[in-house]
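The structure appears below as structure tokens.
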Amino acid sequence: MQDRPLEKTLYKHFGYEQFREGQKEIIEELLNGNDVLGILPTGTGKSMCYQLPSLLLEGTVIVVSPLISLMVDQVKQLKQQGMKRVVAINSFLTPMQKQQVYDHINHYKLIYCSPEMLQNAQFMQTLKEKVSVSLFVVDEAHCISQWGHEFRTDYLKLDDTLKQLNNPTVLALSATAPVHVQNDIMRQINRPDMQKHIFPMDRENIAFTVEHVTGMEEKIERIASVLKTHPVPTMIYFSSRQWTEKAAYELTQATSGLRVAYYHGGMEQTDRLLIQQQFMNDQLDVICCTSAFGMGVNKSNIRLVIHAHIPSQVESFLQEVGRAGRDGEQSVSLTFYSPGDGEIPKRFIESELPSAELVSDAIQYLQNIAQNGRLLPLQPEEIEESLQISEVQWRFLAYQFEKNGVIKGRKVVHQANWGEAYHSIVAFIKERTNIKQNKLTELLNWVHSKDCLRASLYQSFQSSYKTPVGFCCDRCDFSFNLWETSETPDRMELLGWEKELQKVFLQGEYQ
DNA sequence: AATATACTTAGTTCGCGGTTAAGATTTTGGGGGCGGA
């Protein structure tokens, strides 16, 4: 091991004898100063790709993460492994805590933050003054492409952040990113020449099945009957919060004995955390959830992922399905479709971005402000109120107006080219809506596909896919009565005393 | 009739509970000296 310094560091700090597939190549690439786009399946240790370099590189590693809970989990885990010079900066810190972190910012080797945080002037100033960034990591990088254009536009400003931080080496990581998402990531962060380390993401132990039914009532009946014969750890996706709650109640009634809960973004943070932990600890069998549930759920024995509603694109579908069978055991994806099910995602797509009329209203509103020599209101809620638009719609517009030179921070640019801005924004909205509608159509086509579900699902994502280890799909060889699941395992899984002790010590620890 | 996804902010408090470091005290094991067999 003497002439293998990377392995030595790996063993010394993380206790592993050798690297997993892909890790070493990526790390060497980064240490040589090359940008890397890494697409690695979940559970193969993506975070090692930057945690180990953070120990070897001179400066600081910045990790952009989409969820506070993800950063907090990572920091907790690293501290537990003995790496103390790690911090997550987010809105959970009080102003005083934040100041303390800023005062000693150069003490940290790893800093986790959200893309929004990187738009905070004080944070950026602190970084620029006191920190030399050796590596800039975008975790869950598909968020750039999937959320950046409409939902969280700060994801599209990372290229500017990189410039301000003296163009450090970049590592973009994701588990599920088809070629067009990979290209979008590189385009948005303005690094066209990234070294690609891409591993196939098709899952050979998941069987696919689609059932056409009449409506939600029949779906829940079917789910109940499947769960009675196959009482396995299960996730059920819905497109509405209300249905998650209703279904959880009805399934509890229908399947005596199964422990069912619901989870969606409208719940209290503490409740969300509790449900997630109970599910991960096998204290719950079934979760009825919206798309809010998923990222950061590292439960290895999820056997069944049901879509009671379809999402709005294949990428989301694959991410959600991919949470099944991380342990390699036979798992199943069950998708329901009833006539009209495409309507919900269609409405989402239509309502997410403002209409042309709203863009024109917004321009009038801005011109009014400019003429009176005023600034934009400090509270965005005030603008949303005046224009009668949603928070997401205003954030999208604000980003577009800024990009088109109409506003600068809170200032409205007087001599802006309003006509051109209007046309370019409206054209962009059309283009995005189109792209999203096509993505929805792609998923709907799959649901109605007559051919092998596995083949048609993965075809557009990668050139080839592995042959399944068990069942393939309901067009080929799968049906529920062939699928044998072992008896519900003991509720209390024995982990060995080290893991049990670790669990006890880390319980309830959140910051 | 409507249906989902997340982040953000707060200026310089105060008291309480818990933790840690340092010092004091007690317990315990081992080493060394001494006397006797």
Side-chain angles (χ1 to χ4, degrees), chain A residues 64-72 88-100 102-103 112-124 139-140 142-158 215-216 236-247 262-269 272 288-297 307-313 315-317 319-320 338 340-353 377-384 390-396 398-399 436 439-440 505 508-509 511:
Chain A
V64 181
S65 169
L67 299 181
I68 293 176
S69 61
L70 285 183
M71 331 181 188
V72 172
I89 298 175
N90 53 52
S91 58
F92 278 36
L93 300 179
T94 65
M96 265 216 284
Q97 285 176 313
K98 215 181 246 178
Q99 192 56 54
Q100 276 170 9
Y102 287 175
D103 287 345
Y112 286 83
C113 65
S114 65
E116 286 80 7
M117 206 29 111
L118 291 169
Q119 295 306 311
N120 177 297
Q122 195 198 356
F123 180 47
M124 274 309 280
D139 202 9
E140 308 286 351
H142 57 271
C143 291
I144 294 177
S145 184
Q146 215 167 318
W147 281 353
H149 298 287
E150 294 91 13
F151 181 50
R152 289 176 71 179
T153 50
D154 286 344
Y155 259 112
L156 298 191
K157 300 181 184 169
L158 294 177
M216 190 51 91
I236 312 175
Y237 278 100
F238 296 83
S239 295
S240 95
R241 294 174 178 179
Q242 238 179 28
W243 269 117
T244 64
E245 301 190 11
K246 218 166 149 181
Y262 61 87
Y263 181 108
H264 57 69
M267 292 161 57
E268 292 292 325
Q269 277 294 328
R272 290 176 64 165
C288 302
C289 60
T290 64
S291 56
F293 192 66
M295 264 196 276
V297 177
H307 281 89
H309 287 131
I310 53 164
S312 59
Q313 47 179 307
E315 287 95 310
S316 311
F317 179 77
Q319 272 153 24
E320 289 158 5
S338 60
D341 273 4
E343 285 305 305
I344 303 176
K346 199 173 152 213
R347 294 273 168 270
F348 284 150
I349 293 167
E350 285 166 2
S351 62
E352 188 168 36
L353 294 184
L378 198 59
Q379 308 289 340
E381 291 87 346
E382 210 176 302
I383 308 172
E384 291 151 21
S390 71
E391 191 191 343
V392 174
Q393 287 176 330
W394 169 246
R395 257 206 333 264
F396 169 84
Y399 173 74
K436 291 225 154 178
K439 283 179 175 296
L440 173 58
F505 279 128
E509 196 173 316
Q511 288 219 40

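Per chain, numbering begins at 1; letters A, B, ... match sequence-line order.
Ion pairing between a basic and an acidic side chain is recognised when a charged N comes within 4.0 Å of a carboxylate O; A:R395 and A:E391 show such pairing. Ion pairing between A:R347 and A:E343 holds under the 4.0 Å rule for side-chain N and carboxylate O.
Taking a heavy-atom distance under 4.0 Å as the criterion, the stretch of DNA chain B touched by chain A extends 5' to 3' from B:dT3 to B:dT13.
Here A:W147 lies in heavy-atom contact (under 4.0 Å) with a base. In this structure, A:S239 reaches the sugar-phosphate backbone alone: every heavy-atom distance under 4.0 Å involves primed, P, OP1 or OP2 atoms, never a base. Using a 4.0 Å heavy-atom cutoff across all strands shown, A:H309 reaches no nucleic acid atom at all. Residue-level contact check: A:E343 touches neither bases nor backbone, having no heavy atom under 4.0 Å from any strand. Residue contacts shown for A:Q379 are absent, as no nucleic acid heavy atom lies under 4.0 Å away. Across all strands shown, A:N120 has heavy atoms under 4.0 Å from sugar-phosphate atoms exclusively, and none from any base. Across all strands shown, A:K98 has heavy atoms under 4.0 Å from sugar-phosphate atoms exclusively, and none from any base. The residue A:P66 sits close only to the backbone: its heavy atoms come under 4.0 Å of sugar-phosphate atoms, none of a base.
Proximity of the aromatic rings of A:H307 and A:F317 is defined here by a centroid distance below 6.0 angstrom, and this criterion is met.
Screening residues 89-100 of chain A for salt bridge (charged side-chain N to carboxylate O under 4.0 Å, His left out), with sequence neighbours left out, gives no hits.
In this structure, A:Q99 and A:Q146 both approach DNA chain B, and ranking their closest nucleotides by distance from the 5' end singles out A:Q146.
Donor-acceptor pairing under 3.5 Å is lacking for the side chains of A:H264 and A:Q242. Side chains of A:Q146 and A:S316: a donor on one and an acceptor on the other come within 3.5 Å.
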